[in-house]
Visitor: 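Supplied in structure tokens, the structure appears directly below.
Just so it is clear, the structure is predicted and the values come from calculations on it, not from any experiment.
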Amino acid sequence: MSAEMAAADTLDHGGGSGAAHALTGQLIVDGAIMLGAALVFVTLFRRLGLGATLGYIVGGAMIGPYVLGLVGNAESVMAISEFGIALLLFIVGLELHPSRLWRLRRDIFGLGITQVLTCGAALAALAHYVLGFSWGASLAIGMPLGLSSTAQVLPMLRSTGDLHRPHGERAFSVLLLQDISIVPLITLIAALSRAPDADAGPGGWVLAGYTVAAIVGLILVGRFVINPLFRVIGRLGERELFVVAGLFTVVSAAAVMSVLGLSTALGAFIAGVMLAESPYRHELESDVEPFRSILLGFFFLSVGMMLDLSVIAARPGMVVAIAAAIIVVKGAILTGLGRAFGLDPFQSLRFGLLLSQAGEFGFVLLAQANQAQLVAPEAVSMFGAVITLTMASTPFLMMLIDRLEARQMAGGEKREGPEAASRGSVIVVGFGRFGQTVSMMLMAKNIDVTLVDSKTDQIDTAEEFGYKVYYGDGMRVDLLRTAGGESAKAILFCNDNADGGLTAEKIEGVMEAFPQAAIMIRSYDRRHSISLDGVDLAYCIREVFESAVSMGNRALTELGFSQDEANRVESAYRERDSMQLERQSEAGDLHAGRDLSFDQDPKSGMDGDGSAPEGGRA
């Protein structure tokens, strides 16, 4: 008997091993198909100017169970790839110093809460009065549809450099509040539930308490555990350990939130914020970025795979009409809120259209509404198709607003773009006071310069003085290529960067596209210069630095110091400023190197013997 049992056990183990091998083989095949689809469709859609997101979605739809049927089980893929959203918010958190987060508090809690409530209520009313759902079901549908797609909008803002512009900051604030609102929305669906065991989970106040406790706990762990851990790893100099520690930080923060039934993405964001002032944040960002890109791509592939085309085919008019209604209602409300919170008309419209889609959390909340017996499975499938359709519309809406804004900036007149320019040796972006001086010095040596500016009044003024300036956004790689970037020996960014649009990411994109060109930057201030640290620039100068140093030198001579003494002070200041900037960049903190500054303390003055200069203090 024991022999038979042993044989059976052997067979069982053999069968289990065979099944495991088959499963592994199927995962590898599925992964290869998904990566292949991503490669083909994202490349195609990038070439067409439609964006990577739409390419992923269409690629997923093509290989999914409703078209070619090459890959199934989209729900499992989405469950895994949703971690890409957590990584995305971790990277965004790394870029946000707590001081900047505090500055955005009005937008986060004022604009964000207003958006969630108004859009959710409007869409719930639409579901009730137009589609005929009960009020409970309408709230369970309308509130999730009122949320936008963090996974789609944030990469768009980061790739265009708009994350630090007014409409980008407000969009980010709204998305962050939406992520926080997942907790009360889950509680709302649980309260409305018709399922018999609906009261099994924790109540809203308990979840709120969990949220506060988890955030405080993560901040404390970051300060007293994670930051010291990275200092130890930094001393060891092992890159692999940085990758492991970075992923451990994100996964642990997300896991804490998941165990408590909270938003994993919010946990990852808090983990990023608590490391924002760490000197290792740039290393962390570069290490985590590849995982973020791959997982977020798989997420959008799974969205496409879940797109049930039979639902659309059965009621195409209704699906398209509902999707259009969501875009119009949310776009109109968000545009109005943008104006109320200080955006100009075009920024408000861009803000409204950017967030007009329904988001990935809609899939999660609608699934919970189905479990709570508030929404039928057929309705969940239909609204899933609606969510996907609204997400697919966003790249087209952004293309539309780009064209409208360009036409508005051109004042309705036909402006000549850089495609008409001769292929000069140098491209100068920005022909204001700074760009004019730089350009004229180059022209003094008969260097062929292509001038680009996006301000029509500046172009008109330049033409009055005989200068040909081409219209366009010179921070776009495609426009620089049109202007002859592939043959240019130098590209000089002389434009005003007060809005923070000229980011390190944009510059690296330009350098990758035109490796032969020397890239020179007019940075806005010390913070901007620090943000460009690590970028292999040919030259970078703070826009008022040289003029301020020149005036300081002249002021010393007017106050009775000799020219040699004034020059010595200037040299000492330049040296100290360079050393301080290096320390600030390494620490990611403007207070670093404070001891190098001259101030009103007499001890900070300088002279040959360390005392204040004769005749007064420098």
Visitor: Please report the C-alpha distance between Leu35 and Phe298 in whole Å, then the side-chain angles of each, then the deciding distance to 0.1 Å, and finally whether the side chain to side chain contact (heavy atoms under 4.5 Å, CB included) criterion is met.
Guide: CA-CA 8 Å; Leu35 288 172; Phe298 272 102; 3.8 Å; yes
Visitor: If the condition is ring pair (Phe, Tyr, Trp, His ring centres under 6.0 Å), which residues does Phe431 pass it with, not counting sequence neighbours?
Guide: Tyr467
Visitor: Near Met551 CE, under 6.0 Å, is it more than 12 heavy atoms from other residues, nucleotides or ligands?
Guide: no
Visitor: Could you tell me whether the side chain of Thr437 reaches within less than 4.5 Å of the side chain of Arg433, counting heavy atoms only?
Guide: no
Visitor: Please examine the side chains of Leu451 and Ser439, heavy atoms only from C-beta on, and report whether any two atoms are closer than 4.5 Å.
Guide: yes
Visitor: Do Val477 and Glu512 have side chains that approach each other closer than 4.5 Å (heavy atoms only, starting at C-beta)?
Guide: no
Visitor: Rounded to the nearest 0.5 Å, how far does CZ of Phe493 lie from CE of Met475?
Guide: 8.0 Å
Visitor: Do Arg527 and Ile530 come close enough that some side-chain heavy atom pair is under 4.5 Å?
Guide: no
Visitor: Is it true that a side-chain atom of Gln178 and a backbone atom of Gly112 form a donor plus acceptor pair closer than 3.5 Å?
Guide: no
Visitor: Calculate, to the nearest 0.5 Å, the distance between atoms CG and CD belonging to Asp107 and Glu169 respectively.
Guide: 7.5 Å
Visitor: Nearest heavy-atom pair of Leu39 and Thr43: which atoms, and what distance?
Guide: O-OG1, 2.5 Å
Visitor: For the OG1 atom of Thr450 and the CD1 atom of Ile427, what is their distance to the nearest 0.5 Å?
Guide: 6.0 Å
Visitor: Let me confirm one number: the CD-CE distance from Gln436 to Met443, rounded to the nearest 0.5 Å.
Guide: 10.0 Å
Visitor: Looking at side-chain heavy atoms only, is the closest gap between Leu343 and Leu349 below 4.5 Å?
Guide: no
Visitor: Verify side chain to side chain contact (heavy atoms under 4.5 Å, CB included) between Asp525 and His528, making sure each step is shown before the conclusion.
Guide: CA-CA 5 Å; Asp525 57 11; His528 191 195; 3.5 Å; yes
Visitor: Once side chain to side chain contact (heavy atoms under 4.5 Å, CB included) is applied, do any residues pair with Met398, and if so which ones, sequence neighbours excluded?
Guide: Met156, Arg350, Leu353, Leu354, Thr394, Ile401
Visitor: Could you walk me through whether Phe351 and Leu355 pass the side chain to side chain contact (heavy atoms under 4.5 Å, CB included) test, one step at a time?
Guide: CA-CA 6 Å; Phe351 168 72; Leu355 298 177; 3.6 Å; yes
Visitor: How about Phe514 and Arg481: do any of their side-chain heavy atoms sit closer than 4.5 Å?
Guide: yes
Visitor: With no hydrogens and no angle check, is any side-chain donor or acceptor of Glu570 less than 3.5 Å from a backbone partner on Val549?
Guide: no
Visitor: Minimum heavy-atom separation for Phe41 and Gly59, please, with both atom names.
Guide: CD1-CA, 3.5 Å
Visitor: Please examine the side chains of Ser550 and Asn553, heavy atoms only from C-beta on, and report whether any two atoms are closer than 4.5 Å.
Guide: no
Visitor: With sequence neighbours excluded, tell me which residues meet salt bridge (charged side-chain N to carboxylate O under 4.0 Å, His left out) with Glu575.
Guide: none
Visitor: Yes or no on salt bridge (Lys or Arg N to Asp or Glu O under 4.0 Å) for Glu546 and Arg574, after CA distance, side-chain angles and deciding distance?
Guide: CA-CA 10 Å; Glu546 290 296 336; Arg574 287 180 181 274; 2.8 Å; yes
Visitor: What closest approach, in Å, do Leu334 and Ser356 show between heavy atoms, and which atom pair accounts for it?
Guide: CD1-N, 4.4 Å
Visitor: CG of Leu581 to CZ of Arg583: how many Å apart, nearest 0.5 Å?
Guide: 12.0 Å
Visitor: Could you tell me which residues satisfy side chain to side chain donor-acceptor pair (under 3.5 Å) with Arg106, sequence neighbours excluded, listed by chain and number?
Guide: none
Visitor: At their closest point, which heavy atom of Val535 faces which heavy atom of Ala504, and how far apart are they?
Guide: CG2-CB, 3.8 Å
Visitor: Ser148 and Leu175: which non-hydrogen atoms are nearest, and at how many Å?
Guide: CB-CD2, 4.0 Å
Visitor: Do side-chain atoms of Gln516 reach the backbone of Gly485 as a donor and acceptor pair under 3.5 angstrom?
Guide: yes
Visitor: What verdict does the side chain to side chain contact (heavy atoms under 4.5 Å, CB included) test give for Asp536 and Ile519, after you've listed the backbone C-alpha separation in whole Å, the side-chain angles of each residue and the deciding distance to 0.1 Å?
Guide: CA-CA 9 Å; Asp536 188 18; Ile519 308 298; over 6 Å; no
Visitor: With sequence neighbours left out, what residues match Ala538 under side chain to side chain contact (heavy atoms under 4.5 Å, CB included)?
Guide: Ala518, Met520
Visitor: Grab the two heavy atoms, one from Cys494 and one from Phe434, that are nearest each other, plus how far apart they are.
Guide: CB-CD2, 3.7 Å
Visitor: Just wondering, are more than 12 heavy atoms of other shown residues or ligands nearer than 6.0 Å to CZ in Phe341?
Guide: yes
Visitor: With rounding to the nearest 0.5 Å, note down the distance linking CG in Leu532 to OG1 in Thr503.
Guide: 8.5 Å
Visitor: What pairs with Glu582 under side chain to side chain contact (heavy atoms under 4.5 Å, CB included), at least two apart in sequence or on another chain?
Guide: Glu586
Visitor: Hey, are the side chains of Arg522 and Leu502 touching, using non-hydrogen atoms and a 4.5 Å cut-off?
Guide: no
